[in-house]
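Below is one structure, written out as structure tokens; the observations come after it.
Start at 1 and go down the list; that is how both ligands and their atoms are numbered. From a predicted model like this one, the values you see are computed outputs, not experimental measurements.
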Amino acid sequence: MSEAGGGRGCGSSVPQRAPWSLVAATAAFCLVSATSVWTAGAAPMSREERQKLGNQVLEMFDHAYGNYMEHAYPADELMPLTCRGRVRGQEPSRGDVDDALGKFSLTLIDSLDTLVVLNKTKEFEDAVRKVLRDVNLDNDVVVSVFETNIRVLGGLLGGHSLAIMLKEKGEYMQWYNDELLQMAKQLGYKLLPAFNTTSGLPYPRINLKFGIRKPEARTGTETDTCTACAGTLILEFAALSRFTGATIFEEYARKALDFLWEKRQRSSNLVGVTINIHTGDWVRKDSGVGAGIDSYYEYLLKAYVLLGDDSFLERFNTHYDAIMRYISQPPLLLDVHIHKPMLNARTWMDALLAFFPGLQVLKGDIRPAIETHEMLYQVIKKHNFLPEAFTTDFRVHWAQHPLRPEFAESTYFLYKATGDPYYLEVGKTLIENLNKYARVPCGFAAMKDVRTGSHEDRMDSFFLAEMFKYLYLLFADKEDIIFDIEDYIFTTEAHLLPLWLSTTNQSISKKNTTSEYTELDDSNFDWTCPNTQILFPNDPLYAQSIREPLKNVVDKSCPRGIIRVEESFRSGAKPPLRARDFMATNPEHLEILKKMGAASSIDAEDGLRFMQEMIELSSQQQKEQQLPPRAVQIVSHPFFGRVVLTAGPAQFGLDLSKHKETRGFVASSKPYNGCSELTNPEAVMGKIALIQRGQCMFAEKARNIQNAGAIGGIVIDDNEGSSSDTAPLFQMAGDGKDTDDIKIPMLFLFSKEGSIILDAIREYEEVEVLLSDKAKDRAAILKGKMIPSYIINSNPEMENEEQPSSENDSQSAEQITSSSQEVDLVDQESPEESSLNSQPESLSPADMDNAASVSPSEQISNPMENHETTSLDGECTDFDNQLQEQSETEEDSNPNVSWDKKVQPIDSILADWNEDIEAFEMMEKDEL
Ligand code: DMJ
């Protein structure tokens, strides 16, 4: 365990015995050596501060778990905004996401082993009793095989693993008699019918009561599954087999893995995202390390750690080489095509890939782990959370964030490997952001949009299973945990399985190993004695030196340059020029181009590939250029710009990318399809007309609403349920004739986005929207708006006055400032803290002066609002900077402008603040 050395050296004697010691022990060794040599870099964090943060994690867990138990249990999940349980069938369907819910108290089961890690042994004992008493696994519900395996089977097994550990210690769980394991076995048998396919790959869904085949099952017609769905079973299934001696589970999981391995694309050694479970054909041929594939790779490496079967390590290493060759473009990880792996398949990354640096730590490849983690951290610093997807230049692609734990997971593993206190600071930021932005009175709510800070009524069970474990462990010392965490392996849901399983009931693996055993060559162990051993003693600033060039990667949005620098920095040799990196202005690139095809066969080969890549890239880029999305932003009460809908542009009419935005109230046209002269011109005159897609050309609709006096048009898709999340945006084409006569802007919304506007009209009647090429900051939206009369009337100090007079300016400003403080507190602090602090302090005249002279952007108190103008299109602009630059320019150009002149009139400040306060209050009310 303490032997150093590279290559096979540290592991050569291991494979014949418990092979987990190779990887697990190495990881542990890294930690010891790394922490002991840490002498410079980020300032060390005191034990006291770490304990304080650990206690904060405990308090947060209590808030989440306590509210689930109080308001949701026995439902599967807590709905933290409405403070009730989510019961499948009683809430509007959310599609696939709901397949995790099997009416089996999901959150309770997923939380079991977290309770023990967090030292809540008494609560664990209670929770186990509740599971045994209340949970029914025989419900007539169709569930995801993957989710049920990782969350419920994994949860029961994790609970069992720690229950027997506690029992053995002699204090708690003395009554326990493997009951959780019996439940796990029952569930295992329920999942087995899913494997009844010729390939051995499981069906993606199963009915817990009726299985697959029975007519009542309401499932079994699916043909495809995701690679991760079929390849993330081995840890739980093997543990179940080894705990119980029933070999069938491990056999089935192995067979599915064997099939995936056989189907890998043989020249690239990559796998696609989805596969046909009957034919084994790849359905989606794009390949990355995020959604759809992620835990397949994770389970190959961890299966080797847990089960000691070399073939898993060999497979993992083969894939890992391919990932590092094609997908890893440090600090990015970009999807490619399995057949043409030099071509990127996407220009964005998803949040699930944030687990990958953690896996690289387990593999022992620390450098790229540090790089990717740092890039992700920069994105988080910009948006407070990792958006579900973000582009290669770090703009938001999908703005939701369901409190995913992957980044915390990687942070924990990187800290373990490097001992660098920097990662403790990262963890502290995660804690702060969760409390500031996701905490609500009844738990923690997923973010609907990281840009606006709006919430979704959702707290997924993985938040309790994973997030709190990793955050707590990050700050904990060995003695803070009642067992040795290094005797266990984390499943993908962070459930704990004991490493001693590798030596229990081994006969299963011997009997069923389908791939031939060959002695692994040394290269398979290249990184298993991690470089931390070699690197840190010589250079304690090693990790910091890797992070440093990436510090501004997001702000500067210049990833390509970074890639080139990093690539050559890493290898010493110049990498071949890739089409995606080519810049015609770079003389070095032109020189390489000249050489291609001239000097050697290698250059010629490079040249050919470059040409082919160029052609494909340009057609890909052309396609992308055809789809610049536009924004429809609802700006009226109570939305105030918080709701931004992604819209498709038109090839005719006013081009919003070149012109200013169009703002107006919306009105439905009659006829709704807009295919003939409107019968309600008075209703749409001066407004933005809503028209349904279909029955005539888009241009014809545009002409009809324009003739009726509309200032813009929104075409809403007639295909119910369509959404820009799932369908590609397109441009509305003209009618083949000259469309110059169409002067108004036209945008297209899919049905889901369109119905948000239609619902808003039903509820609020007057709905005002902004059509633009990118969403506007709320400060810009609220700027210059008149104070609504209902606010004036509701304020006794202002009664009988149209606008506040200058005499009572100071009084009004004081009141408003006090209110805005309250808003600030509600938004930024925990509810408990906010109620403690809600006594406003009075302001001095100097304070009031300052308050009166702040710029419009500064008046918006929510810190989340001002980070960026938008993320929809075009360059990544920072609204704060823009404003600052603007005011600097104004100042520069007119040095005689006095502060007094720049002071915004009190009535406009009043209006802005009051509207903002109103908006927050309405949002809170709506959410709760
Ligand atoms: C978890 O359920 C698991 O980690 C899974 O592998 C994918 N990610 C979710 C949480 O984001």
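- Here the rule is ring-ring contact (aromatic ring centres under 6.0 Å, His included) with Trp398, and of Trp348, Phe390, Phe385 only Trp348 fits it.
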Could you tabulate the donor-acceptor pairs under 3.5 Å formed by side-chain atoms of residues 283-293, not counting sequence neighbours?
{"from": "Arg284", "atom 1": "NE", "to": "Asp286", "atom 2": "OD1", "distance (Å)": "3.3"}
{"from": "Arg284", "atom 1": "NH2", "to": "Asp286", "atom 2": "OD2", "distance (Å)": "2.6"}
{"from": "Ser287", "atom 1": "OG", "to": "Val271", "atom 2": "O", "distance (Å)": "2.7"}

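- Residues forming a side-chain hydrogen bond (donor to acceptor under 3.5 Å, both in side chains) with Arg86 (at least two apart in sequence, or on another chain): none.
- With 3.5 Å as the limit, one finds no donor-acceptor pair spanning the side chains of His455 and Tyr437.
- Sorted by chain and number, the residues within 4.0 Å of ligand 1 by heavy atom are Ile150, Leu352, Arg404, Pro405, Glu406, Phe462, Glu466, Thr492, Glu493.
- The closest side-chain donor-acceptor pair between Asp134 and Tyr73 falls under 3.5 angstrom.
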N/O donor-acceptor pairs under 3.5 Å from side chains in residues 146-159, not counting sequence neighbours:
{"from": "Glu147", "atom 1": "OE1", "to": "Arg151", "atom 2": "NE", "distance (Å)": "2.9"}
{"from": "Glu147", "atom 1": "OE1", "to": "Arg151", "atom 2": "NH2", "distance (Å)": "3.2"}
{"from": "Thr148", "atom 1": "OG1", "to": "Ser144", "atom 2": "O", "distance (Å)": "2.6"}
{"from": "Asn149", "atom 1": "ND2", "to": "Thr232", "atom 2": "O", "distance (Å)": "2.9"}
{"from": "Asn149", "atom 1": "ND2", "to": "Glu236", "atom 2": "OE1", "distance (Å)": "3.1"}
{"from": "Arg151", "atom 1": "NH1", "to": "Ser461", "atom 2": "OG", "distance (Å)": "2.9"}

